[in-house]
Amino acid sequence: MLYEAIIETIVPLGPEPMQKHFEEIETDDPIEYVKTHCKFPIMEIDENRFGEKVITCGDGSGYVTRYIFSE
C-alpha cells in the first residue's frame with residue numbers, strides 16, 4: 001500500500017528543534033517500516049482524529065521521530 005507520510009524530527013537544543021518532511025512510502029505494515037527505518041525504538045503507536053496511524057520513536061532523552069501515515 002502507498003502512504004503519504006509526514007516525518008517529524010525533534011532535536012532538543014538544535015538550531016531547528018523541529019523539522020518536518022514528507023515522503024511517499026510503500027509498505028504493507030507501517031509499524032514494521034518504522035522499526036527498520038527509525039534509529040530509536042518505538043515509544044507509542046496511536047491513531048489521530050483523522051484516522052491516520054501515528055508512530056512515535058525516541059531515545060527517552062528528548063530526541064523524537066514521529067511518523068504520521070495517511071492512505
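A donor atom on one side chain and an acceptor atom on the other are found under 3.5 Å apart for Glu23 and His21.
Note on Met1: it clusters hydrophobically with Ile7, by side-chain heavy-atom contacts below 4.5 Å among ILVMFWY residues. Taking hydrophobic clusters as Ile, Leu, Val, Met, Phe, Trp and Tyr residues chained together by side-chain heavy-atom distances below 4.5 Å, Ile42 shares a cluster with Tyr33.
Side-chain contact between Tyr67 and Pro30 is absent, with no heavy atoms from C-beta onward closer than 4.5 Å. Contact annotation: the side chain of Val34 approaches that of Phe69 to within less than 4.5 Å [non-hydrogen atoms, C-beta and beyond]. When side chains are defined from C-beta on, Glu71 counts as touching Tyr3, because their heavy atoms get closer than 4.5 Å.
Taken to the nearest 0.5 Å, the NZ atom of Lys53 stands 8.0 Å off from the CG atom of Asp29. Interatomic distance, CG of Leu2 versus CD of Glu24, reported as 5.0 Å (0.5 Å rounding). Between Ile55 atom CD1 and Met43 atom CE the span is 13.5 Å, to the nearest 0.5 Å.
The side chain to side chain contact (heavy atoms under 4.5 Å, CB included) test applied to Glu8 returns Ile6, Met18, Lys20, Arg66, Ile68, not counting sequence neighbours.
Applying the side-chain hydrogen bond (donor to acceptor under 3.5 Å, both in side chains) test to every pair with at least one member in residues 36-49, sequence neighbours left out, gives these pairs: Asn48-Glu52.
Atom CG of Asp28 has 12 or fewer heavy atoms from other residues, nucleotides or ligands within 6.0 Å.
The minimum heavy-atom distance between Ser61 and Pro12, with the atom names listed, is O-CG, 4.1 Å.
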